[in-house]
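What follows is a set of notes on a single structure, which appears directly below.
In this text the structure is predicted, and so the values were computed from the model without any measurement.
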Amino acid sequence: MLIESKVAAVNPLDNLIAHGDLKLVVPYKLPQTVGNEFVGIVKQAGSAVKNFQAGDRVYARTPLDNMGAFAEEIVISEQAVAKVPAYLTDEEAAAVPLTARTAMQAIDLLGISMGGMIAQEVVALIPERIKYLILAGTGPRGT
């Protein structure tokens, strides 16, 4: 799909990549257009694309091998994007993908069931390590 990027979020990951701090983990070839999460409008959808069409408002955390959210346009697969909920502004939505993925990875690593009482399950798993559990943190990994 060809997406016209409207808003791109800037987060600590972008800073690490720009400074080369992740080159041992993900060796990006330079020059590289950075940017990991964005909101945009679908300009074109290929014939194999089933869930999106031109004009759809979408957001994504770009795949590691396909950064470029800071560009005006980005080509990205259907599997990497989702439709933006109508209640989010572009600016709000651009900050969601990487934050949501980080939260989901933590839930998966801890083996917490979806739909459960997450706070209670986390405390039950590792009570000796939990002093404070702040829900709805203000940053990508909570604060």
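Between Val84 and Ala93, the closest heavy-atom pair is CG1-CB, 3.6 Å. For the residue pair Arg57 and Pro85, the shortest heavy atom distance occurs at NH1-O, 3.6 Å. When all heavy atoms of Ser5 and Ala69 are compared, the pair lying nearest together is OG-O, 3.3 Å.
Residue-environment remark: CD (Glu72) stays at or below the threshold of 12 foreign heavy atoms within 6.0 Å. Dense packing is recorded around CD of Glu91, with more than 12 heavy atoms of other residues, nucleotides or ligands lying under 6.0 Å away.
For the pair Ile3 and Glu73, the minimum side-chain heavy-atom distance is 4.5 Å or more. Contact check for Val58 versus Val42: side-chain heavy atoms found under the 4.5 Å cut-off. Side-chain contact between Val81 and Tyr59 is absent, with no heavy-atom pair separated by less than 4.5 Å. Looking only at side-chain heavy atoms (C-beta outward), Thr33 and Met67 stay at 4.5 Å or farther from each other. Using a 4.5 Å cut-off on side-chain heavy atoms (C-beta onward), Pro63 and Ile76 make contact.
Here CG of Asn51 is found 9.0 Å from CE of Met1. Values are rounded to the nearest 0.5 Å.
Put simply, the side chain of Glu37 never gets that close to the backbone of Thr62: no donor and acceptor are under 3.5 Å apart.
Hydrophobic cluster membership differs between Leu2 and Phe52, with clusters built from Ile, Leu, Val, Met, Phe, Trp and Tyr side chains linked at under 4.5 angstrom. Follow the hydrophobic side-chain contacts under 4.5 Å out from Val34 and you reach Val10 in the same cluster. In the hydrophobic clustering of this structure, Val49 groups with Ile74; members are Ile, Leu, Val, Met, Phe, Trp, Tyr whose side-chain heavy atoms approach within less than 4.5 Å, directly or through other members.
Phe38 does not carry Lys6 over the face of its six-membered ring by the limits of under 6.0 Å from the centre and within 45° of the normal.
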